[in-house]
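One structure is given below, encoded as structure tokens.
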Amino acid sequence: VDASWNGSPIVLVGLMGVGKSTVGRRLANRLRVPFVDADTAIEEAAGMSVTEIFAQFGEPYFRDGERRVIARLIDGRPKVIATGGGAFINDDTRALILEQATAIWLNASPEVLAERVKRRDTRPLLRGKDPLKVLRELSEKRNPIYALAPIHVSSKRGPHEATVNAILKAIG
Ligand code: SKM
């Protein structure tokens, strides 16, 4: 497809609402490689939803399972993996991703993110809170860490296809 992507798994990181799953699926189609959503893989492995895991076992337990699932998904084969928003923030998970995959930070302003998450109510970290406020706080806290990914692509308002094209250009 291109000159510089070495075929290692592409791992999309960034905050909830930025479009990691949608963009990831389309990117995988364009590259003709499999797509995996890590949150979905965790739910399949656990036999419960992310929300249920948080509620019943707490966040540290979830993070540990998340790291193990991502370690299993990064198997050297070309594929696109969308991660949950907190995966890359965990030191061990981030080290694994940086060592064994091509990490891409998908970023957007808290305002754009808040607009997108409004359409779904499946985010434990947003439960009962003002999404814009939470997303501003999370951006401030997490953006410096997401920025450790070697490739940064911004996801603007509008069709995700533009973001997919920007990624293809960035890895090409
Ligand atoms: O992985 C889930 C979970 O709700 C945690 C999270 C986060 O910390 O940003 C994002 C979701 O994808």
Side-chain angles (χ1 to χ4, degrees), residues 9-28 34-74 79-98 100-149 151-155 160 163-164 167:
I10 292 175
V11 175
L12 301 181
V13 307
L15 276 175
M16 59 182 98
V18 77
K20 298 182 296 289
S21 304
T22 308
V23 166
R25 186 170 287 109
R26 295 185 191 183
L27 176 66
F35 168 74
V36 197
D37 182 90
D39 277 343
T40 306
I42 293 162
E43 292 183 334
E44 282 166 7
M48 47 203 301
S49 71
V50 169
T51 305
E52 285 167 344
I53 301 171
F54 262 72
Q56 287 196 29
F57 301 108
E59 183 167 348
Y61 179 90
F62 172 79
R63 294 299 172 206
D64 195 53
E66 179 176 55
R67 178 185 47 75
R68 279 184 278 116
V69 166
I70 290 175
R72 170 167 61 75
L73 295 176
I74 299 181
K79 67 175 79 164
V80 176
I81 302 168
T83 57
F88 200 67
I89 305 306
N90 179 278
D91 291 340
D92 298 326
T93 307
R94 182 175 63 257
L96 176 85
I97 294 171
L98 287 174
Q100 300 182 32
T102 301
I104 301 178
W105 176 28
L106 275 190
N107 58 68
S109 69
E111 288 73 17
V112 169
L113 298 173
E115 243 170 61
R116 295 199 183 131
V117 296
K118 265 195 270 173
R119 297 180 220 141
R120 263 171 66 186
D121 181 31
T122 55
R123 319 274 186 172
L125 298 182
L126 296 180
R127 278 272 155 110
K129 300 189 184 128
D130 170 12
L132 184 56
K133 185 165 178 280
V134 175
L135 288 161
R136 282 197 176 125
E137 287 165 4
L138 284 175
S139 297
E140 201 175 312
K141 235 194 285 174
R142 291 180 172 182
N143 285 1
I145 303 173
Y146 293 136
L148 297 170
I151 298 172
H152 302 179
V153 171
S154 63
S155 156
H160 283 304
T163 309
V164 174
I167 294 175

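FYI, side chains are in, hydrogens and waters are out, and symmetry mates aren't considered; it's all heavy atoms of this structure. We count ligands from 1, going down the list as the structure has it; atoms in each ligand are counted the same way.
Looking at Lys133 and Glu137, a side-chain N of the basic residue comes within less than 4.0 Å of a carboxylate O on the acidic one, giving a salt bridge. Ion pairing between Glu140 and Arg136 fails under the 4.0 Å rule for side-chain N and carboxylate O.
Listed by number with element, the atoms of ligand 1 under 4.0 angstrom from any heavy atom of Gly86 are 6 (C), 7 (C), 8 (O), 9 (O). Close contacts of ligand 1 with Asp39, meaning ligand atoms under 4.0 Å from a residue heavy atom, involve 1 (O), 2 (C), 11 (C), 12 (O). When each atom of ligand 1 is checked for a heavy atom of Phe62 under 4.0 Å away, the hits are 1 (O). Near Pro124, meaning under 4.0 Å from any of its heavy atoms, are these atoms of ligand 1: 4 (O).
The main-chain N or O of Ala147 is found under 3.5 Å from a side-chain atom of His152 such that the two form a donor-acceptor pair. Arg123 places no side-chain N or O within 3.5 Å of a backbone atom of Pro131 that could act as its donor or acceptor partner.
Counting heavy atoms closer than 4.0 Å to ligand 1, residue Arg142 contributes side-chain atoms (C-beta onward) but none from N, CA, C or O. Of all the heavy atoms of Leu125, the ones lying under 4.0 Å from any atom of ligand 1 belong exclusively to the side chain.
Below 30°, between 30° and 60°, or above 60°: for Tyr146 and Phe88 the angle between ring planes is below 30°, a parallel geometry.
If you check each of Arg123, Arg63, Met16 against atom 5 (C) of ligand 1, the one with the closest non-hydrogen atom is Arg63.
Considering both main-chain and side-chain atoms, Gly84 never comes within under 3.5 Å of ligand 1 through any nitrogen or oxygen pair.
Using modelled atom types and a 3.5 Å distance limit, the side chains of Arg116 and Ser155 yield a donor-acceptor pair.
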